[in-house]
Amino acid sequence: MLSFVSNKETEKIILFDHLVNHNDRHNGNLLCDISKGATLYVIDNSHIITLEPRIPFLFEEMIQNSEILSDRILKTNGDVYDLLSDAIGYNENKVRECANEIKELLSIDVLEEIKETIPLSWIDSIGKEKTEQLFEILKNRILLIDEIVEMIIKERRML
């Protein structure tokens, strides 16, 4: 079924998982909608930032650049990335193109605007400090997106 999907976005999935530290990508959270042609969706993103859903966030560890540039996500999610690469393809240049799109769409100013729209009830539930830390993590990852891309390319070449 995957070979027939119209949105061949292996690169976007891999890069997205690295930006949000998604450690739980597996075959069970790939959904293929055949009602309008075969369209692939990645679902169940509840395990971002840490391995635990929602809380506790391990912000201090996630802010460190060494963790951002770790190949852990590639290894943890490797089976599904291999499945996607085999079925719908993978292209190093497309990874770089995706990174450029993200940099254009998610500037630091845009992240600040998004932060301002977070409901107060959510901020109250995890705290203002953790909210600030969450955005610090996202900023660091976007600022290092080119390095993340090169790490992804290097690791995928070794397969």
Please determine if Glu155 and Lys75 form a salt bridge, counting it only when a charged side-chain N lies under 4.0 Å from a carboxylate O. no
To the nearest 0.5 Å, atom OG1 of Thr10 lies from atom CG of Leu15 at 12.5 Å
With a 4.5 Å limit on heavy-atom distance, are the side chains of Leu40 and Leu31 in contact? no
Do Val42 and Asn29 make a side-chain contact, defined as non-hydrogen atoms from C-beta onward lying under 4.5 Å apart? no
Any link between Leu120 and Phe135 through a network of hydrophobic side chains (Ile, Leu, Val, Met, Phe, Trp, Tyr) touching at under 4.5 Å? yes
Are Ile73 and His22 side-chain neighbours, meaning at least one heavy-atom pair lies under 4.5 Å? no
Minimal non-hydrogen separation, Phe4 against Ala38, with atom names: O-CB, 3.5 Å
Hey, does Asn77 have a side-chain heavy atom less than 4.5 Å from the side chain of His26? no
Is the closest basic N to carboxylate O distance between Arg96 and Glu11 below 4.0 Å? no
Between Glu97 and Lys94, does any NZ, NE, NH1 or NH2 come within less than 4.0 Å of an OD or OE carboxylate oxygen? no
Check: Asp109/Ser107 side-chain N/O donor and acceptor closer than 3.5 Å: no
Co-membership, hydrophobic cluster, residues Trp122 and Leu111, 4.5 Å side-chain: yes
Donor-acceptor pair between Asp17 and Tyr81 side chains, under 3.5 angstrom: yes
Would the distance check show the side chain of Asn7 and the main-chain N or O of Glu9 forming a donor-acceptor pair, the cut-off being under 3.5 Å? no
Can you check salt bridge (Lys or Arg N to Asp or Glu O under 4.0 Å) on Asp146 and Lys103, steps first, answer last? CA-CA 9 Å; Asp146 292 325; Lys103 286 190 288 190; 2.9 Å; yes
If you round to the nearest 0.5 Å, how far is NZ of Lys130 from CD1 of Ile137? 9.5 Å
Could you list all the salt bridge (Lys or Arg N to Asp or Glu O under 4.0 Å) pairs where at least one residue sits in residues 77-89, not counting sequence neighbours? Asp82-Arg156
Distance, nearest 0.5 Å, that separates CZ of Arg25 from CG of Leu74: 13.0 Å
Looking at side-chain heavy atoms only, is the closest gap between Leu30 and Tyr41 below 4.5 Å? no
Glu136/Arg141 under salt bridge (Lys or Arg N to Asp or Glu O under 4.0 Å): CA gap, chis, key distance, verdict: CA-CA 9 Å; Glu136 188 65 27; Arg141 288 175 177 263; over 6 Å; no
Starting at CD1 of Ile118, measure out to CG of Asp124 and round the result to the nearest 0.5 Å. 11.5 Å
For Leu106, the option from Ile145, Leu138, Ile114 that meets side-chain contact (heavy atoms from CB on, under 4.5 Å): Ile114
Should Thr76 and Asp24 be marked as a side-chain contact (heavy atoms from CB on, under 4.5 Å) after you check the CA-CA gap, both sets of side-chain angles, and the distance that decides it? CA-CA 7 Å; Thr76 303; Asp24 189 40; over 6 Å; no
Distance col, row Leu144:CG vs Ile68:CD1, nearest 0.5 angstrom, shows 5.0 Å
Are Phe16 and Ile102 side-chain neighbours, meaning at least one heavy-atom pair lies under 4.5 Å? no
More than 12 heavy atoms of other residues, nucleotides or ligands under 6.0 Å from CD1 of Ile34: yes or no? no
Got a second to check how far Ile13's CD1 is from His18's NE2, nearest 0.5 Å? 13.5 Å
Can you name the nearest heavy-atom pair linking Ile88 to Leu2, along with the distance? CG2-O, 2.7 Å
